[in-house]
Trainee: 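First the structure, which I've put down as structure tokens, then a few questions once you've had a look.
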Amino acid sequence: MSRVSLEVNGASVDVEVQPNTLLVQLLREKLDLTGTHVGCDTSQCGACVVHVNGQSVKSCSVLAVELEGAKVTTIEGLAQGGELHPMQQAFHEEHGLQCGYCTPGVVMSTVDLLKRNESPTEGEVREWLEGNICRCTGYHNIVKAVLSCADKMKAGDASAAE
Amino acid sequence: MEPSEQKAVRGVGHSVRRVEDDRFIVGRGNYLDDVKLPRMLHMAIVRSPLAHATIESIDISEAMALEGVVAVVTGKDLEAHKLAWMPTLSGDTQAVLATDKVRFQGQEVAAVIAESPYVAADAAELVEIEYEPLDIFVDPYKALENTETIIRSDKEGQADNVAYEWEAGDKAKTDQLFAEADHVVKLHTHYPRSHPAPLETCGCVADVNGATGKATIYLTSQAPHAHRTLFALVAGLPEQNIRVISPDVGGGFGNKVPIYPGYVVATAASLLLDAPVKWVESRSENLMSTGFARDYHMDGELALTSDGTITAMRCHITSDHGAFFADAQPTKFRAGLVHICTGSYDMQAAHITAKGAYTNKAPGGVAYRCSFRVTEASYIIERLVQNAAYELGMSPVEIRRKNFIKKEQFPYTSCTGFIYDSGDYDASLDKALEMLGYDEIMAERDAARAEGRLMGVGIATFTEVVGAGNSKEYDIAGLKMFDSAELRVHPTGKAILKLGVQTQGQGHETTFAQIVANELGIPPEDIAVGHGDTDNTPYGLGTYASRSTPTGGAATAVIARKLRDKAKKIAAHLLEASEGDLEWDSNKFVVKGTDKSVSIQDCAFAAYTNPPDGEEPGLEGVHYYDPPNMTYPFGAYAVVVEVDPETGEWEVKRMVAVDDCGVRINPMVVDGQIHGGLTEGYAMASMQYIHYDDDGNCVGGNFIDYLIPTAVETPKFELGETVTPSPHHPIGAKGVGESATVGSPAAYVNAVLDALQPLGVKNLEMPVTSGRVWEAIQAAKAAAE
């Protein structure tokens, strides 16, 4: 067992993990943060995407012991002060989810996209989503939600700047 | 009396945002793998690496010696409790854990129960099994010919590998029409083996309480009530002591309809060990062992007159079911509802025959996002009609129009015995062609052809049959296919609706509340919808085959109307008027010709505080709805593709989908269902395929080898609608969850074939991969030289 200290959704966490414990296992099994999902065995599906130090990663492909001092944000930590993140709101408004299983990963992934590219084209959104599988929506409304969120966040930034 | 609440009633026809999103978008859903109980143990299954082999010995000693292992269960252990075999939902039997031999790669042979899932998985590797290989059959035709190697040697009297034989229609009349035909069009094609692959795999947490005998089984189930009954029958547990809870389900698509061995073993283990036992499939286990779909080899023929009138259809199906016939089919319909294959066309006779084969593949044949084989049926007719157009020199539009069942012919009795409730096929095709700009697109295609480019336009105009039953004709394992709704309006006018159907992403918690809102005037946000818990919902057959809205939705509308009738008595009492003087106005009763009214909320309050003399207090009821007929959604899909002649890659340039599912409860949700279906149709047409090699190895057992579309490959969709209400459904709705999976594969394939038509390519098999297209182009070029 190894000891690792990190921050998860703003709270300090200090836990014993096995050297082979994956971040997704730490989150789901030790911290009961079950919003992060597992949909495959081979890092294809993206249901487990979380943020590590602000960047989206598949938590099934990161060892927990690598995360000493890291800041992890999961879907449970995305809404701030009772306010949904604009991406969560956009998914709700645009019907970007059905069964909801892929949703946490897709939302975390696309929040990172907009940090890197505040005005992505539809093609860029689709390319970015290559690592997230959804079996319900055909991606149509997911793409719509991301583009709508980008518009709203830009409009929000513009009005905040005024 | 409390003041009335007046809120907007957003009933049928409103794109109400989904209430279930509230928990899903913040990661607070509760899926099967999120269920965690005190003292819970974990199960891993030991699976056969071979496709067909006798089991010579099983040594569990090393596995048992691993620290943290609690038990190792084999077929012999289950046999002692008469649990080694279980009935399937289609009247066959399936091995829970193999005792005699294994019949497919990935079959369940033993199970390890341990303190953690990781110890269980490690111990599963330590179970030593000796096998003696047997001849392997992965080709259904070869399996059917063979009477030496009987895959189902367990079945008494089984002397071959035939799972079933079935037919529908009129052979004599069909033969006569074929003999008289001016032209016969033939197509042999394979609808390939595919897997629904919902993003959440299957699993269960079985919690049998040794003190009370109560078995609470959390299950990834599309049909919790039916599963409970089967558990009672299989395990001999008293049904009132079994509670099946289907929590949030991460997609189903038919994969979560059958009962799987893992559920039974986990329940037996929980019973024997007096502790909760969790089993969750890995993705590979899901793809290799549970709920395959399709695998229909079809020989279709159309008889036509020289002017392009279809007179008759023949279809013979060789169906590969794998080692066990373990999907759910209505008892009378062994090949499903594949005899809907006459589709949208008026013809005089049809004859459909089907032969099911046992092979050494995983059990298959589930209706993957389709109503009992309607997908395969729609595919064969829509491919045949396009071929007929080409052979007769007609346009694919013209031949369809010529043969469509006309609007005035509904209700229409098909020559295979279905009574189509309503339709307007011309209007649907008109709309699709208008949206596409058909004439311009065809001109563009012809211009592209003149330049040597391979551009194609494909059409499919499908008719589905969904919403089983009526209960006279349709049952699953004897359970009649009705469904139910229970509605209780509380004193404050807020309601709880409980359903026999179960959602896996379809949004029932929102849309079924809208049905109540429509009928009873209570806003959807004031209605909590419960489902998936057999202790707390009325009995129903579950959600698959697009049956929730046709059956459960109808039950909901009817019970809401019954409560409205009761509320009217209360309203008359409150208004001191006679019932005959009252009229209903969306959410209140009004005394005709006056401004005196009471709202439904007023009536609800009075039902508990001031009921009329002699009237039973409360405002509550349950309705079991037995539909008089199925519903028949239809649509017209048009696809434009361009094929790269050098690589065989094809790209969807346009995808226009016009659906008619009758009245739309929540247009936003309907569109979402269609987007998903169009994507799965595209997936089937272009990439999704699980292949077996000659040794019976599954070659698609993970998401690296089993290709499913990402956002990059998935086309963009243009949706349109026509609305032809179902005349027999209480609110005129038909069901829509599967239309696009059913209708679209033929549209995509027809488009690629249209692109290759100038080269003389006549057939392509799904999935239409770039490799297959390239080979077809090369073969056509070689033939032309």
Side-chain angles (χ1 to χ4, degrees), chain A residues 18 20 25 28-29 32-47 74-79 84-85 87-89 91-105 107-108 122-123 125-143, chain B residues 15 17-18 20-31 33-34 36 116-118 196-201 248-253 280 282-285 503-507 668-669 671-680 682 702-704 708-717 740:
Chain A
Q18 298 282 356
N20 61 354
Q25 294 166 334
R28 289 185 52 84
E29 295 166 19
D32 287 329
L33 292 168
T34 55
T36 302
H37 297 149
V38 177
C40 71
D41 322 325
T42 48
S43 293
Q44 249 81 37
C45 82
T74 70
I75 188 71
E76 291 93 339
L78 191 60
L84 291 179
H85 186 280
M87 191 64 79
Q88 291 169 309
Q89 192 63 42
F91 270 68
H92 175 59
E93 282 301 322
E94 302 294 343
H95 189 32
L97 64 150
Q98 291 181 26
C99 82
Y101 200 79
C102 75
T103 309
V107 167
M108 296 310 286
E122 180 182 337
V125 173
R126 286 181 179 268
E127 289 289 339
W128 179 266
L129 283 170
E130 192 261 346
N132 291 86
I133 288 171
C134 170
R135 296 289 287 160
C136 298
T137 65
Y139 308 99
H140 191 101
N141 287 347
I142 290 177
V143 173
Chain B
S15 289
R17 295 302 185 266
R18 298 195 329 163
E20 36 277 88
D21 293 356
D22 293 352
R23 58 184 189 275
F24 294 150
I25 51 173
V26 295
R28 297 287 293 274
N30 184 38
Y31 300 89
D33 198 21
D34 304 339
K36 197 173 181 179
S116 88
Y118 311 108
L199 201 54
E200 179 203 36
T201 59
D248 288 325
V249 173
F253 315 118
V280 180
S282 69
R283 174 54 60 190
S284 290
E285 288 180 293
T503 188
Q504 311 117 41
Q506 294 90 338
M668 173 191 82
V669 167
D671 283 352
Q673 291 293 305
I674 294 166
H675 291 149
L678 292 174
T679 304
E680 292 191 56
Y682 172 73
N702 56 58
F703 278 165
I704 300 172
I708 54 183
T710 71
V712 177
E713 299 84 30
T714 302
K716 283 186 258 182
F717 309 119

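Each chain gets a letter, A, B and so on, in the order the sequences are listed, and its residues count up from 1. Heavy-atom basis, side chains included; hydrogens, waters and symmetry copies ignored.
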Trainee: What class does the angle between the rings of His140(A) and Phe717(B) fall in, given that below 30° is parallel, 30 to 60° is tilted and above 60° is perpendicular?
Mentor: parallel
Trainee: Run the side-chain contact (heavy atoms from CB on, under 4.5 Å) check on Arg135(A) and Ile708(B) step by step: do they pass?
Mentor: CA-CA 9 Å; Arg135(A) 296 289 287 160; Ile708(B) 54 183; 3.5 Å; yes
Trainee: Considering residues at least two apart in sequence or located in another chain, which fulfil the side-chain contact (heavy atoms from CB on, under 4.5 Å) criterion with Thr137(A)?
Mentor: Gln98(A), Cys134(A), Ile142(A)
Trainee: When you compare the side chains of Gln25(A) and Tyr118(B), does any donor N or O come within less than 3.5 Å of an acceptor on the partner?
Mentor: yes
Trainee: Measuring from Leu97(A):CG to Asp21(B):CG, what's the distance to the nearest 0.5 Å?
Mentor: 4.0 Å
Trainee: How long is the span from the CZ atom in Arg28(A) to the CG atom in Asp33(B), to the nearest 0.5 Å?
Mentor: 4.5 Å
Trainee: If I measure from the heavy atoms of chain B, does Leu84(A) come under 4.5 Å with its side chain, its backbone, both, or neither?
Mentor: side chain
Trainee: Check whether any side-chain heavy atom of Asp41(A) sits under 4.5 Å from a side-chain heavy atom of Asn702(B), and report yes or no.
Mentor: no
Trainee: Under a 4.5 Å cut-off applied to non-hydrogen side-chain atoms, are Cys99(A) and Phe24(B) in contact?
Mentor: no
Trainee: Roughly how far, to the nearest 0.5 Å, is the CZ atom of Arg126(A) from the NZ atom of Lys716(B)?
Mentor: 6.5 Å
Trainee: Around atom CZ of Arg28(B), are there more than 12 heavy atoms of other residues, nucleotides or ligands at under 6.0 Å?
Mentor: no
Trainee: Nearest 0.5 angstrom please: Phe91(A) CZ to Ile25(B) CD1, how far?
Mentor: 10.0 Å
Trainee: If you measure from CG on Asn132(A) to OG1 on Thr710(B), what distance do you get to the nearest 0.5 Å?
Mentor: 9.5 Å
Trainee: Going by the rule side-chain contact (heavy atoms from CB on, under 4.5 Å), which residues pair with Glu94(A) if we only count those two or more places apart in sequence or in a different chain?
Mentor: Lys144(A), Ala145(A), Ser148(A)
Trainee: Rounded to the nearest 0.5 Å, what separation is found between the CD atom of Gln504(B) and the OH atom of Tyr101(A)?
Mentor: 15.0 Å
